Amino acid sequence: MAELKEARVPDIGDYDGVPVIEVLVAVGDTVAKDQGLVTLESDKATMEVPAPFGGVVKELRIKVGDSVKEGSVVAIIESGDAAEAAPKVPAKTEAPAAATPTAQPTPAADDSTVEPVAVAAKPDNIAQASIDAQAGNTTQSAPMGAGLPPVRFDAEALLPGKVPYASPAVRLFARELGVDLAHVTGSARGGRISKEDVQGFVKGVIAGGGVGNGAAAGGLNIIAWPKVDFAKFGEVESKPLSRIKKLTGANLHRNWVSIPHVTNHEDADITELEALRLQLNKEAEGKSGKGTGTKVTMLAFLVKACVAALQKFPNFNASLDGDSLILKKYFHIGFAADTPNGLMVPVIRDADRKGVFEIAKEMGELAGLAREGKLKPDQIQGGCFSISSLGGIGGTYFTPIINAPEVAILGVCRSSTRPVWDGKQFMPRLILPLSLSWDHRVIDGAEAARFNAYLAQVLADFRRVLL
Ligand code: CAO
């Protein structure tokens, strides 16, 4: 039997008088249990108030601009068998996950359309956390709704460098104007996008004739994307991009067009290192008795070698912050992991303090979590430098795209035995192809060549890591 019930703001911690910045449903909408009803914004986080039960929204008791606290009535929902059984519809307003860094609870009603990635769900009902993903900084996790089911985070929204850096209010403002924040350059501290930046962007677009359509301020004078009816030429199938792919794509595009990339290639002689790796693995296997010991990978050695190079060339362990360079004293190394949902970049923290076995073990675990979509926010944040290894697959060299706000990335391809002239004769040596992409605003060509040469030296003689 149908019953009118109040949907109230659940426990939102110590917040009082939190403004409503968005109403996600309208009277008459059928909502699913846990579907977002409204978005609240505290000074540090945005949170969605989920429907405590499914049903038809009969009355909305709040509007944008109102302030609420725990217990405030948000809506009157007719719940009951009929209402619960009614076809569920997504929230009227487009969920802001793709456009904002706010980790969205995945609406239960929309599971079929939402990639089941990510996760970092805390068992005790963390409803939503606003993540300053680019800054690698979780600003707030607001507990909401004790007793509500655990809520999933969208990992892609948490990827470092995956979303523009702006407050929820600025995101809302941008959404109202139809501005894609991926196109806006932030002028505030740490590259944060302010309301003025959005206004300036809009003015620039108006003055310049549109994004991608003219010389908008700071924009690219590129022609429109070709519109082709592919079906005219043969059978085709249209497959939507996954959300990770869409977000990764937007960020890669931004990084590609906004960072002056240069890629230097280098060959490292890893003959001895590979012999050591095989020897270590043999010993580890012997110790475990059953061959179940951690296998040390070439990638783990590469992480250590990169740390040595970053220590020697600190400009590579840095991020641009307006006119300043932030030099990091820590060594958190990201590595690209290929997952069914798309590219993820888990981070090995404090790699300078870890041994190769520990790094290899952690990498294996992080890559496993990435593939299962179970990485937590702190496992994908704070990276200083990334490694993208295609060594297990093949190839010789490639040009990796820098994972902003980092300033360099190392691409690694498959090692192969090549004849190398030692001054008297050709010797068979195992050569690892390296490709270092670097940001020319921060690094000069000579410095990059030195970095690569040093990296190759370390890999050729790993004792140099100690120097
Ligand atoms: N040269 C030769 N062989 C290599 C190698 C190299 N540079 N790197 C790895 N291999 C070998 C390994 O030794 C392993 O061989 P065995 O099975 O005989 O032990 C095999 O290749 C498979 O390695 P792997 O890829 O499973 O393991 P890894 O530690 O090298 O990499 C991970 C782990 C997570 C980085 C990898 O699985 C992966 O996802 N790579 C893709 C990264 C990617 O997509 N980059 C592109 C980003 S830009 O779009």
Side-chain angles (χ1 to χ4, degrees), residues 156 159-162 241-242 244-245 247-253 255-256 261 263 265-271 273-282 284-285 291-306 333-348 351 356-375 379-380 383 385-404 406 408-418 429-437 455-456 459-460:
E156 70 268 40
L159 285 171
K162 295 299 172 208
L241 292 176
S242 73
I244 286 196
K245 271 242 156 77
L247 280 150
T248 309
N251 282 276
L252 287 170
H253 186 196
N255 299 349
W256 181 245
H261 280 74
T263 307
H265 304 291
E266 181 68 89
D267 289 337
D269 185 333
I270 57 162
T271 314
L273 188 57
E274 177 64 1
L276 172 67
R277 189 182 80 86
L278 295 176
Q279 175 63 29
L280 289 172
N281 283 339
K282 211 168 142 193
E285 214 168 287
T292 51
T294 299
K295 218 167 105 176
V296 64
T297 59
M298 188 48 71
L299 201 47
F301 279 110
L302 275 161
V303 168
K304 280 308 265 189
C306 285
I333 310 296
F335 66 98
D338 189 24
T339 83
N341 287 314
L343 177 67
M344 303 286 290
V345 188
V347 174
I348 304 274
V356 282
F357 275 105
E358 194 178 351
I359 292 172
K361 184 165 179 280
E362 204 176 318
M363 271 185 154
E365 288 162 2
L366 287 171
L369 289 173
R371 288 188 188 115
E372 290 164 25
K374 286 188 179 162
L375 286 169
Q379 292 170 319
I380 49 176
F385 178 89
S386 296
I387 303 178
S388 176
S389 172
L390 297 173
I393 303 166
T396 47
Y397 306 93
F398 68 113
T399 52
I401 298 178
I402 295 165
N403 186 15
E406 296 166 17
I409 179 168
L410 182 74
V412 183
C413 283
R414 195 165 185 80
S415 57
S416 61
T417 303
R418 295 191 215 156
R429 306 293 296 176
L430 188 63
I431 304 298
L432 183 69
L434 305 174
S435 304
L436 180 79
S437 292
L455 188 61
L459 291 166

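We number each residue from 1, following the sequence as shown. When a ligand or atom number is given, it counts from 1 through the structure's own listing order. Everything quoted here is computed from the prediction, not taken from an experiment.
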Please walk me through it: do T399 and H261 pass side chain to side chain contact (heavy atoms under 4.5 Å, CB included)? CA-CA 9 Å; T399 52; H261 280 74; over 6 Å; no

Within-cut-off N or O pair, A367 and ligand 1, under 3.5 Å: no

How many angstroms lie between CD in E266 and CG in L436, if you round to the nearest 0.5 Å? 10.0 Å

Does the protein place any heavy atom closer than 4.0 Å to atom 2 (C) of ligand 1? yes

Return the OG1 to CZ distance between T417 and R429, rounded to the nearest 0.5 Å. 10.0 Å

Those atoms of ligand 1 less than 4.0 Å from some heavy atom in S415: 1 (N), 2 (C), 6 (C), 7 (N)

Output for pair (E362 CD, E365 CD), nearest 0.5 Å, gives 7.0 Å

If only atom types and distance count, is the side chain of K295 paired as donor or acceptor with the main-chain N or O of E285 below 3.5 Å? no

Just by distance, no angles: are the side chains of S386 and E406 close enough, under 3.5 Å, to form a donor-acceptor pair? yes

Looking only at side-chain N and O atoms, does D269 offer a donor or acceptor that is under 3.5 Å from a partner on T271? yes

Give the atom numbers and elements of ligand 1 that come within less than 4.0 Å of a heavy atom of L432. 7 (N)

The reported gap from CD1 in I409 to CD1 in I401 (rounded to nearest 0.5 angstrom) is 8.5 Å

Any idea which atoms of ligand 1 are less than 4.0 Å away from a heavy-atom of L343? 47 (C)

Please state whether R414 comes within less than 4.0 angstrom of ligand 1, counting heavy atoms only. yes

So, the side chain of S437 versus the backbone of I402: is there a donor-acceptor pair under 3.5 Å, distance only? no

Compute the minimum heavy-atom distance from A370 to ligand 1 and say whether it is under 4.0 Å. no

Numbered atoms and elements of ligand 1 in range of G391, under 4.0 angstrom, heavy atoms: 1 (N), 2 (C), 3 (N), 4 (C), 5 (C), 6 (C), 7 (N), 8 (N), 9 (C), 10 (N)

Determine, using heavy atoms of E274 and all atoms of ligand 1, whether some pair is separated by less than 4.0 Å. no

Specify the protein heavy atom at minimum distance from atom 11 (C) of ligand 1: its residue, its atom name, and the distance to 0.1 Å. G392 CA, 4.1 Å

Quick one: CZ on F335 to OG on S388, what's the gap to the nearest 0.5 Å? 11.5 Å

Measuring from non-hydrogen atoms of S389 to any atom of ligand 1, is the shortest distance under 4.0 Å? yes

Return yes when at least one protein heavy atom is under 4.0 Å from atom 15 (O) of ligand 1, and no when none is. no

What atoms of ligand 1 come closer than 4.0 angstrom to any heavy atom of K295? 16 (P), 19 (O)

In terms of heavy-atom contacts, V356 and K304 come closest through CG1-CG, 3.6 Å

For atom 18 (O) of ligand 1, decide whether some protein heavy-atom distance is shorter than 4.0 Å. no

Test item, M344 contacting ligand 1 (heavy atom, 4.0 angstrom): no

Tell me which protein heavy atom sits closest to atom 46 (C) of ligand 1, plus the residue, atom name and distance to 0.1 Å. S388 OG, 3.1 Å

Where's the contact between D338 and ligand 1, heavy-atom distance under 4.0 Å: side chain, backbone, both or neither? both

Heavy atom of M363 under 4.0 Å from ligand 1? no

Residue, atom and distance of the protein heavy atom nearest atom 34 (C) of ligand 1 read R371 NH2, 3.6 Å

One finds that the ligand 1 atoms under 4.0 Å from a non-hydrogen atom of A337 are 39 (O)

Nearest protein heavy atom to atom 28 (P) of ligand 1, by residue and atom, and its distance? L299 CD2, 4.2 Å

Would you call R418-D267 a salt bridge at under 4.0 Å N-O? yes

Taking 4.0 angstrom as the limit, do K361 and E358 come out as a salt bridge? no

Ligand 1 atoms nearer than 4.0 angstrom to some heavy atom of R277 are 13 (O)

Does the protein put any heavy atom within less than 4.0 Å of atom 39 (O) of ligand 1? yes

Between the main-chain N or O of G394 and the side-chain N or O of R414, is there a donor-acceptor pair closer than 3.5 Å? no

First locate atom CZ of F385, then atom CG of L410, and finally report the distance between them rounded to the nearest 0.5 Å. 5.0 Å

Using a heavy-atom cut-off of under 4.0 Å, does the side chain or the backbone of C413 touch ligand 1, or both, or neither? backbone

Using a strict cut-off of 4.0 Å, indicate which atoms of ligand 1 neighbour a heavy atom of L390. 43 (C), 45 (N), 46 (C)

